[in-house]
2 protein chains.
Amino acid sequence: MTGVLIPGPGKRVTLRDVALEAGVSIKTVSRVVNGEPAVNAATAVRVAGVVERLGYRPNELARSLKGQRSRTIGLVISDISNPFMASCAQAIEGVAQEHGHALILCDSHADLRTEGDYVGLLTQRQVDGLLLVPAHGHNVHLNREQQAGLPVVTLDRPAEGVQADMVLVQNRAGAREATEHLIRHGHERIAFVGDVRNFYTTRKRLEGYKEALKAANLKPAPSLGAHSIELGEEAAKSVLDAPDRPTALFAANILTALGALRAIEHLGLRIPEDVALIGFDDFELAPVLRPRFTLVRQPAAELGRRAAEMLFDRLEGRGRPEPRRLVLPTELVVRESCGCPVEPAP
Amino acid sequence: MTGVLIPGPGKRVTLRDVALEAGVSIKTVSRVVNGEPAVNAATAVRVAGVVERLGYRPNELARSLKGQRSRTIGLVISDISNPFMASCAQAIEGVAQEHGHALILCDSHADLRTEGDYVGLLTQRQVDGLLLVPAHGHNVHLNREQQAGLPVVTLDRPAEGVQADMVLVQNRAGAREATEHLIRHGHERIAFVGDVRNFYTTRKRLEGYKEALKAANLKPAPSLGAHSIELGEEAAKSVLDAPDRPTALFAANILTALGALRAIEHLGLRIPEDVALIGFDDFELAPVLRPRFTLVRQPAAELGRRAAEMLFDRLEGRGRPEPRRLVLPTELVVRESCGCPVEPAP
DNA sequence: TTGTACGCGTTATCAA
DNA sequence: TTGATAACGCGTACAA
């Protein structure tokens, strides 16, 4: 026995230690710790005292190994530094917390291979379920895990090549509504600046845009592939430099919205007098910009929350076995960049 | 060999299954899986084949239980939906990944009690180390874990009542530099709008602000307690409504910066002609605002990265035993809201 | 080169 | 009401 009272590194107190100290069997300690009924009140109190004094904490790893469930879920997200994703993640973390589960965070950087690696790692860690924002491509790695019985819920977009639960937002309807709003302002040449074409969200928003134009007998003018603010700026510039300059722009995500903003300024045009502008995907500063930014808002927190809840429905055995698909409404937040009258300062 | 190739739900393949199928002992399979040398090449190949065919994946939980290290670290962050924190988290996740560790994400919502609960949960899960953005208050719960040998690194601010490694940014120097910049523009009445006074970062920035004013023989005019955009707006309004209106404002964080922006507009003042403005804490839209926003930028990703690296230094036994403290430089990004000449559009 | 036996810390079974 | 003992899946020590 050393003179040191503070336990050295790595010396964790186990059930055995408590049992020894309290003069009972480890099972009795286990019972007390887990609040099982069949324990003499007196011994329970005594054991609880020792537990407290020694600072015993159950080893969750051992519990998991024994119990076949890790009380852990995995989240593979495409980019946590994206505020939209961060809000999703925050909501997910909250739901996991409520259900007594830990959340392992993985950032795939929207790379399919990285995503696959992460999914593998997570299953090795015996996660009880998986939430993911799938990278573009064929998410085959999910098949294997699903067939092994791992519940999977995707959010923001569906996984390809796999049948999984999913929670989406109304990309098509949202884009359509925004475009219709521009049409109602009298615009006839409305351009679309969007991200990479083979992204699910880009495609859907493009569809909505086209639908609206078609219904009004107008000609679509899409420009795709803008995967950064810079590319968005270039795309917007070339669109606005065309001979028959569009009088309105629909920027299908935040990157292109900001890029468009820069392009418009660079060209010396005014919003909304020369070019009306509507974006997709919320950002905190939208109401601070001048003119105030009109956009299609996505319910980020709710997206995360509902996806997590859907996962726990599975984990807790609720709901039908067939894949579920939930689509959340977007909201057109009308401010000024679309050409609507300036609100009085609040 | 059964006829069913696809394992049913929950039926995880174990070393035993592989061993049985390959006609070898468990240990031999283990050797093959872990790439240990002492294995006959032929059997190694055969076993590897079975591993592949059965889709065996080592149970990381069992490994951890045996090996006394979970290859998992915990991150307790105050608010993941804050872009600054999200960038930290992203960098941390990357470093964890590089070191083969999983990252458990916990959002304390800046609540001390929640933080304590999370720290407890994480140790129960046998995390190898802890990263946290401590909530305000006495972070006593850390003492216990630290004494049990758990490495802890805090970021953005120090923990109170505990000696732990930490990575900070130069709050004082950054604020001082910003204030000096305003002074150099000729301002003599420079107000400070900041978050809650007992926040470490608020205090340090306030100190820097005061230092700069004192050196110039000017009188400080701080307004504290602005813990939301709305409160920031009110604070800025009351400051700017005072009889001797300040000609410049230093907004000590992003919330107050946005609040100030609103207040200034509401009062019908112009930036920087009527009020010059400098903020603290970067945001993506700063260059998009008009006028372009001058601010003190914090190296969020580096903060996260360095903190994580510091943790792994400990985990891998590098470095001295005494607590380390790393302070990263901030950068004054001069744009227009401070009164500097308008840059030509790029 | 391969296999046996044990232990990691828990919970579950069954007997006392 | 309690306790010995066997799992959980893996790695380590030692034998064969």
Please work out if Leu15(B) contacts a base, only the sugar-phosphate, or nothing of the nucleic acid, heavy-atom cut-off 4.0 Å.
sugar-phosphate

Report which part of the nucleic acid Thr43(B) touches: base, sugar-phosphate, or nothing (heavy-atom distance under 4.0 Å, all strands).
sugar-phosphate

Nearest-Å distance for atom pair CG/C1', residues Leu65(A) and dG7(C)
12 Å

Using distance alone, with no hydrogens and no angle criterion, decide if Arg63(B) and Ser70(B) have a side-chain donor and acceptor under 3.5 Å apart.
no

Would you kindly compare Asn34(A) and Val24(B) by the position of their nearest DNA chain C nucleotide and give the one closer to the 5′ end?
Val24(B)

Asn40(A)-Arg46(A) side chain donor-acceptor pair, cut-off 3.5 Å
no

dC8(D), OP1 or OP2 - any side-chain N/O from Asn59(B) closer than 4.0 Å?
no

Gln126(B) CD to dC8(C) P, straight-line distance once rounded to whole Å:
14 Å

For Arg69(A), report the nucleic acid contact type (base, sugar-phosphate, nothing); a contact means any heavy atom under 4.0 Å.
nothing

Are OP1 or OP2 of dT10(C) and a side-chain N or O of Ser30(A) less than 4.0 angstrom apart?
no

Can you say whether the rings of Phe312(B) and His101(B) are parallel (under 30°), tilted (30 to 60°) or perpendicular (over 60°)?
perpendicular

For Glu36(A) and dA12(C), what is the distance between atoms CD and C1' respectively, to the nearest whole Å?
9 Å

How do Val39(B) and Ala62(B) order along DNA chain C: which one's closest nucleotide is nearer the 5' end?
Val39(B)

For atom CG of Leu61(A) and atom P of dT10(C), their distance in whole Å
10 Å

Pairwise distance CE(Met166(B)) to CG(Leu132(B)) - rounded to 0.5 angstrom:
11.5 Å

In this structure, how many angstroms lie between the C1' atom of dA4(D) and the CD1 atom of Ile26(A), rounded?
9 Å

Side-chain donor or acceptor of Arg31(B) under 3.5 Å from a matching atom on the base of dG11(D)?
no

Within the 3.5 Å criterion, strictly below it, is a donor on Gln90(A) or Asp79(B) matched to an acceptor on the partner's side chain?
yes

Side-chain donor/acceptor contact of Lys66(A) with base of dA7(D) under 3.5 Å
yes

Could you tell me if Glu115(B) and Asn139(B) have a donor-acceptor pair between their side chains, going purely by distance under 3.5 Å?
yes

Could you tell me whether the phosphate oxygens of dT2(D), OP1 or OP2, come under 4.0 Å of any side-chain nitrogen or oxygen in Thr28(A)?
no

Any side-chain N or O of Thr14(A) under 4.0 Å from OP1/OP2 of dG9(C)?
no

Under a 4.0 Å threshold between the charged nitrogen and the carboxylate oxygen, would Arg324(A) count as salt-bridged to Asp313(A)?
yes

Between dT11(C) and Arg63(A), is there an OP1 or OP2 to side-chain N/O distance shorter than 4.0 Å?
yes

What I want to check is whether an N or O donor and acceptor connect the side chain of Arg57(A) with the base of dG9(C) at under 3.5 Å.
no

Taking CG from Asn40(B) and P from dG3(C), how many angstroms apart are they, rounded to a whole number?
11 Å

Arg314(A) and Asp165(A) ion-paired at < 4.0 Å
yes

Grab the CZ-C1' distance between Arg16(A) and dG3(D) for me, whole Å please.
15 Å

Between dT11(C) atom C1' and Tyr56(A) atom OH, what is the distance in whole Å?
10 Å

Of the listed nucleotides dT10(C), dG3(C), dC8(C), the one nearest the side chain of Ser25(B)
dG3(C)

Tell whether Lys27(A) reaches the base of dA4(D) with its side chain through a donor-acceptor pair below 3.5 angstrom.
no

So what is the end-to-end bend of the helix from dT1(C)-dA16(D) to dA16(C)-dT1(D), with 5 pairs used at each end and the value given to 10 degrees?
50°

